[in-house]
Amino acid sequence: MSGISIKKEIFRRIAESKLLHTFLSNPTPSWMVLAVDLLIIALSCLITYSFNPVTRGAYVGFMQWPFTHAAIIFIVYALMSQVVKAHRFIVRLSVVEDMYRIVLYTISASAILAAAALITKWISGTPYFSIWNVFIIGVFSFTLMMITRLVIKYIYRVLAAPDESRKRVIMLGSAVNSFFFASALKSEVDGRFNPVALLSLTDKTINNTVSGIPIIKYDKDTIADVFAKYNCNTLLFLSTQLELMRQEAADEFLKHNIHLLMLNQVEEFDAGNASGANLSTHVRDIAIEDLLGREPIRSDKTDVRNAIHNQVVMITGAAGSIGSEIVSQVAALGAGEIVLLDQAETPMHDMQLRMEAEYPDIKIHLFVGDVVNRERMEQAFRLYHPRYVYHAAAYKHVPMMERNPSEAVLTNVFGTKNLADLAVKYGVEKFVMISTDKAVNPTNVMGASKRIAEIYVQSLFFHLRAHSDRPSTRFITTRFGNVLGSNGSVIPLFRKQIEKGGPVTVTHRDIIRYFMTIPEACSLVLQAGCMGSGGEIFIFDMGQPIKIYDLATRMISLSGLTAGKDIQIIETGLRPGEKLYEELLNDRERTIATHHNKIMIAKVRTYDYADVLTHINRLHDVTHTCNYHDIVAEMKHIVPEYISQNSQWAKIDKEISHEASDANEVLLETTASR
C-alpha cells in the first residue's frame with residue numbers, strides 16, 4: 001500500500017471514530033482553553049527567564065531562577081483572563097474575536113506589569129520587573145495562543161470537512177460577518193450547509209478567495225448563471241441584511257427560482273451558550289412576514305412601564321392574536337396583576353400555562369365570559385378593580401359579520417358599551433379600545449359596528465368631562481390595519497392553500513391592504529394608550545399598502561414553486577362588504593402629529609352623547625328583534641358615511657336615498673306653498 005493510500009485510510013478511520021465525533025460535536029470547554037492559556041503563560045515565563053541574555057547573567061543555576069517574579073506575572077495574567085475572557089469563545093468558530101481578545105489580554109496584562117515596574121523604579125530606584133522581560137513574555141504568549149487556536153481550527157477543518165450530503169449554498173455579502181458565518185457553517189460537525197461562494201454586492205472584493213471560498217459579484221442579469229455554475233439553488237443571507245432583501249432584492253432571486261434561507265441573529269459564540277455550538281439551527285426558511293415587515297419601530301417604553309408597573313391590567317379578547325400579544329408585553333413591562341378576559345376556553349387554558357411558566361411572579365387571573373353579558377362583566381370589574389383596560393375583544397371577519405349583523409352589533413357595539421360604562425363605574429384610569437381601518441368610511445357591517453363603538457366611547461368621555469368635576473376615565477381609541485399572521489388572516493390561508501398544492505384564491509387582482517406585525521401593533525397600542533389624555537383616536541403609520549395578488553405570488557415563489565405554472569392563482573370576486581382598499585382616515589379628517597413619529601391623532605367629527613345614546617338605545621331595541629334589515633338601517637343612520645359595497649345591504653342605501661329625496665320634495669312643496 002502506498003504512503004498516500006495509508007494516509008487516506010488513517011484519516012478515514014479517524015473520521016469514523018465515535019470519540020472523535022464526540023470531540024468535534026462539542027465546543028472545547030472554556031476551562032480547558034483557560035488551562036492551556038495559563039500553561040502558555042508559564043512556558044513564556046520559563047523561556048524568557050531561562051534564555052534571555054539580560055537575566056541569564058544575573059542568576060546562576062536553576063534554583064536561583066526568579067520564581068517570585070514569574071509567579072506574580074502568572075497571577076496578573078490569570079486575573080486578566082477573567083476580565084477579558086479570551087477563553088470564553090468556541091475556538092473552532094471564532095476568528096476576528098480571537099485576535100482582538102488575545103491582543104487585549106496580553107497588552108492589558110503587560111501594561112499592568114510595566115506600570116508596576118515603573119512605579120517600583122520610581123520608589124526604590126530599581127524596577128522589580130524588567131520591562132524587556134514583560135515585553136518578551138507578552139509576545140511569546142500572544143504568539144503561542146494564536147498558534148494553538150489556529151492548530152485547533154485546522155484540525156477541525158480537516159477532520160470535519162463538509163461532505164456531499166450537505167446543501168450547497170451561496171452566502172450573501174463579502175464583509176467580515178458574512179465570511180465569519182460562512183466559515184463557521186463550513187467547519188460544523190454534522191452541519192447541514194456547505195457555503196461554496198460569497199456573493200458580493202460591491203466591486204471591491206470580487207475575484208478574491210477567502211479561506212478557499214471564492215467571492216463573486218452580484219449581477220441581477222447573470223445571477224441565474226452564477227448559481228448554475230456553482231451547482232447551487234439556495235441563497236443564505238444574514239438577518240441584518242433583511243432590509244436589503246425587502247427592497248426588491250428578494251424578488252430578483254425568487255424570479256430565478258433561487259431558494260432563500262435566513263441566518264437569524266446569533267449572539268457571540270460563548271462556550272457557555274449551548275445554542276452557539278450549532279450554527280445550522282439558526283438557519284430557517286424566509287417567511288413572507290419577513291419580507292412584508294419593516295425595521296422594528298423603536299418605542300421608548302419607559303412611560304408605559306412606569307404607568308402599568310405593579311398595576312392591575314385587564315385585557316379583553318386576551319386569547320386572540322392582538323390580545324395575547326398585549327398580555328405578553330404588559331407582563332414583560334411589570335404589571336402586578338393581569339386579568340385575562342375571553343370566552344375561548346382552550347386558548348385561555350393554553351395561555352394560562354404559558355404565562356405561569358414565563359411570568360411566575362405575576363398574578364394571572366383567568367376570567368371566562370362574554371363581553372355582551374353585562375352581569376358577568378360587572379363581576380370581573382368588582383372582583384379585580386383594574387386600573388387599565390385594553391379592549392381587544394371583537395368580531396372581525398367581514399363576510400361573516402355581513403351575514404350576522406346582530407352578533408356584530410351585540411359584541412362590537414354593546415360589548416364595548418358594557419365595558420366602557422363599567423370602567424366609569426369602577427374608576428378605571430384608562431380604557432384603550434382597539435379599532436380598525438375598516439371603521440373609516442365603512443362599507444360593511446363589521447367596520448360600521450366598530451365605528452359606532454368609537455363614537456360611543458369618545459362621546460362618553462367628552463360628556464363626562466363636561467359634566468363632572470372629578471377626573472373621569474380616559475377613553476382612547478387606536479386604529480390600524482391588518483396584522484401579519486393573525487388568526488384568520490390571509491397569510492395563513494395562502495400558506496395552507498400552497499401546502500395543498502393550490503389553487504390560491506384572491507378576491508380581486510387589484511385589492512390592497514395595509515400590514516403591520518403583531519408585536520409592532522401592540523407596542524404602538526400601549527404607547528398610544530400611555531400618551532393619550534382622553535377622547536383621541538390614534539392612527540398608526542402602516543407603511544405602504546400591499547397588493548394581495550402580489551403577496552400570493554411571492555408566497556408561492558418562497559415555497560420554491562412558480563405561480564401560474566405549479567400553483568394557480570384564482571380570482572373569486574369581492575366578498576360581501578369588501579372594498580378594494582382600506583383607509584385610516586375619513587376624507588374630511590385631518591391628523592395631528594404626536595411626539596412619536598409613527599403615531600398620529602385623527603381629527604374626527606365629535607358627537608353629542610345624548611344623541612348617540614338615543615340612537616344606541618334604538619339600535620339595541622331593533623337588534624333584539626333579529627330583523628337584520630332594520631339593524632343595518634339603524635347603523636346607517638348613526639354612521640351616514642356607511643355605504644355598503646358588494647352586499648345585500650346596498651338596497652338600504654337606495655331606500656335611504658329615496659327617503660331623503662322624498663323629504664326634500666316635501667320641503668320644497670311646503671316652501672312653494674308659502
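Please read these numbers as outputs of a predicted model, since none were measured by experiment. Scope of the values below: all heavy atoms of this structure, side chains included, with no hydrogens, waters or symmetry mates.
Distance check, rounded to the nearest 0.5 Å: OG of Ser324 to CD1 of Ile518 gives 7.0 Å. In this structure, the separation between OG1 on Thr473 and CZ on Arg465 is 14.0 Å, given to the nearest 0.5 Å. To the nearest 0.5 Å, atoms CD1 (Ile498) and CD1 (Ile556) are separated by 5.0 Å. Going from atom CG of Asp370 over to atom CG of Asn418 covers 9.5 Å, rounded to the nearest 0.5 Å. One finds the OG1 atom of Thr411 at 7.0 Å from the CD atom of Gln343 (value rounded to the nearest 0.5 Å). Rounding to the nearest 0.5 angstrom, the gap separating the CD1 atom in Ile548 from the OG1 atom in Thr507 is 8.0 Å.
No hydrogens or angles considered: nothing links the side chains of Glu337 and His385 as a donor-acceptor pair under 3.5 Å. Counting only N and O atoms by type, the side chains of Glu454 and Gln458 include no donor and acceptor under 3.5 Å apart.
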Evaluate the salt bridge (charged side-chain N to carboxylate O under 4.0 Å, His left out) criterion for residues Arg495 and Glu499: first the C-alpha distance (whole Å), next the side-chain angles of each, then the deciding distance (0.1 Å), finally the verdict.
-> CA-CA 6 Å; Arg495 193 169 283 131; Glu499 288 173 356; 5.8 Å; no
Check against side chain to side chain donor-acceptor pair (under 3.5 Å), His397 and Glu402 | CA-CA 9 Å; His397 291 289; Glu402 205 69 10; over 6 Å; no
side-chain contact (heavy atoms from CB on, under 4.5 Å) between Tyr609 and Tyr456, worked out | CA-CA 7 Å; Tyr609 178 70; Tyr456 181 78; 3.3 Å; yes
Under the side chain to side chain donor-acceptor pair (under 3.5 Å) rule, what do Arg376 and Gln379 come out as? Steps first, then yes or no, please.
-> CA-CA 5 Å; Arg376 181 65 175 159; Gln379 185 180 3; 2.9 Å; yes
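The backbone N or O of Leu619 sits less than 3.5 Å from a side-chain atom of Thr623, completing a donor-acceptor pair. Although no hydrogens or angles enter the test, the distance criterion places no donor-acceptor pair under 3.5 Å between the side chain of Ser647 and the main chain of Ser644. With Thr594 contributing its side chain and Ile599 its backbone, the two residues share a donor-acceptor pair below 3.5 Å.
Ring geometry for Phe540 against Phe480 counts as parallel: the plane angle stays under 30°, on a 0 to 90° scale with 60° as the upper cut. Classification of the Tyr628-Trp649 ring pair by plane angle, with boundaries at 30° and 60°, yields perpendicular.
Within the 4.5 Å cutoff, no side-chain heavy atoms of Leu460 are placed close to those of Val612. No side-chain heavy atom of Thr443 sits less than 4.5 Å from a side-chain heavy atom of Tyr642. By the 4.5 Å heavy-atom criterion applied to side chains, Phe367 and Leu383 are counted as neighbours. Annotation: side chain of Leu340 is in contact with side chain of Val327 (closest heavy-atom distance under 4.5 Å). Residues Leu419 and Phe381 form a side-chain contact, since some pair of their non-hydrogen atoms from C-beta on lies under 4.5 Å apart. By the 4.5 Å heavy-atom criterion applied to side chains, Asp342 and Thr316 are not counted as neighbours. With a 4.5 Å cut-off on side-chain heavy atoms, Phe414 and Ile616 count as touching. Contact annotation: the side chain of Leu613 never approaches that of Tyr607 to less than 4.5 Å [non-hydrogen atoms, C-beta and beyond].
In Glu345, the CD atom is not crowded: 12 or fewer heavy atoms of neighbouring residues, nucleotides or ligands sit closer than 6.0 Å. Within 6.0 Å of NE2 on His349 lie no more than 12 heavy atoms contributed by other residues, nucleotides or ligands. Residue Met400 qualifies as open at atom CE: its count of foreign heavy atoms under 6.0 Å is 12 or below.
Here the shortest heavy-atom pairing between Arg451 and Arg479 reads NH1-NH2, 3.8 Å.
Because its NZ or CZ atom is not both nearer than 6.0 Å to the ring centre of Tyr388 and within 45° of the ring axis, Lys430 does not count as a cation-pi partner of that residue. The cationic atom of Arg387 (NZ for Lys, CZ for Arg) does not lie both less than 6.0 Å from the six-membered ring centre of Tyr426 and within 45° of the ring axis.
Ion pairing between a basic and an acidic side chain is recognised when a charged N comes within 4.0 Å of a carboxylate O; Asp421 and Lys417 show such pairing. Remark: Asp653 engages Lys636 in a salt bridge, criterion side-chain N to carboxylate O under 4.0 Å.
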